[in-house]
Amino acid sequence: MSASNDQGTEPVQPIAGESAGAVAAGAQQGAAGYNIRGQGIFNRDLGAPNVNASSRVFVSVAEINPADNKPFLGGGRITVHNVVPHDDGSVTIRVEVDAPRELPVRASLFYYNGF
């Protein structure tokens with residue numbers, strides 16, 4: 001299966017105002033959440049200020065309930081295949097959503113620049 005990049009050229013921005021959201025902390029470490037949709041294998045570019053190609057970046061993805069935007073354990077299998085930080089303050093992720101239709105998901109990102 002090949003990956004599709006069905007997004008625009010601009011990175012997806014973090015969820016604003018979420019209690020653990022908006023890229024928190026400072027240049028040393030931080031976290032952000034991103035609401036995206038997808039099905040099959042796809043790439044997304046996430047805006048992540050303070051991240052560079054040397055950052056340690058960790059991403060998890062979970063299905064979210066559209067009614068309340070809260071993560072839940074749905075019927076689809078969701079896998080993160082790759083996480084690639086870039087010097088321009090973005091992170092490319094490759095995700096697989098194995099479900100019969102497109103699902104709303106939240107990507108949760110944590111970065112650390114201390115190495």
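Computation of the quantities below employed the complete heavy-atom set of this structure, encompassing side-chain atoms and omitting hydrogens, waters and symmetry-equivalent molecules. Keep in mind that what you see is a predicted model, and the values were worked out from it rather than measured.
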Indicate the atoms forming the closest heavy-atom contact of [X] with [Y], along with that distance.
| X | Y | result |
| --- | --- | --- |
| Pro85 | Val57 | CB-CG2, 3.8 Å |
| Glu102 | Arg37 | OE1-NE, 2.9 Å |
| Ala62 | Ile78 | C-CD1, 4.1 Å |
| Val59 | Val80 | O-CG2, 3.9 Å |
| Gln29 | Phe110 | OE1-CZ, 4.1 Å |

- Item | Sequence neighbours excluded, every pair satisfying side-chain hydrogen bond (donor to acceptor under 3.5 Å, both in side chains) that has a member inside residues 70-85 | Arg77-Asp98, His81-Glu96
Check: [Y] and [X] side chains under 4.5 Å, non-hydrogen atoms:
| X | Y | answer |
| --- | --- | --- |
| Leu109 | Phe58 | no |
| Gln28 | Tyr112 | yes |
| Leu46 | Pro11 | no |

- Message: Checking Arg44 against Val95 for the side-chain contact (heavy atoms from CB on, under 4.5 Å) test, could you report, in this order, the C-alpha distance in whole Å, the side-chain angles of both residues, the deciding distance, and whether it holds?
- Response: CA-CA 8 Å; Arg44 287 293 186 276; Val95 175; over 6 Å; no
- So, the side chain of Tyr34 versus the backbone of Gly47: is there a donor-acceptor pair under 3.5 Å, distance only? yes
- Message: With a 3.5 Å distance limit and no angle check, can you tell me whether Arg106 reaches the backbone of Asn69 through a side-chain donor-acceptor pair?
- Response: yes
- Any chance you could lay out the side-chain contact (heavy atoms from CB on, under 4.5 Å) test for Arg94 and Phe42, step after step, and finish with the verdict? CA-CA 6 Å; Arg94 178 169 293 155; Phe42 58 92; over 6 Å; no
Enumerate, atom names and distances included, each donor-acceptor pair closer than 3.5 Å involving a side-chain atom of residues 86-93, sequence neighbours excluded.
unit_1	atom_1	unit_2	atom_2	d
His86	NE2	Val84	O	3.3
His86	NE2	Thr92	OG1	2.8
Asp87	OD1	Ala53	N	2.9
Asp88	OD1	Ser90	N	3.1
Asp88	OD1	Ser90	OG	2.6
Thr92	OG1	Asp45	OD1	2.5

- Query: Would Val105 and Ile64 satisfy side-chain contact (heavy atoms from CB on, under 4.5 Å), going step by step from the backbone distance to the final call?
  - Reply: CA-CA 5 Å; Val105 297; Ile64 56 174; 5.6 Å; no
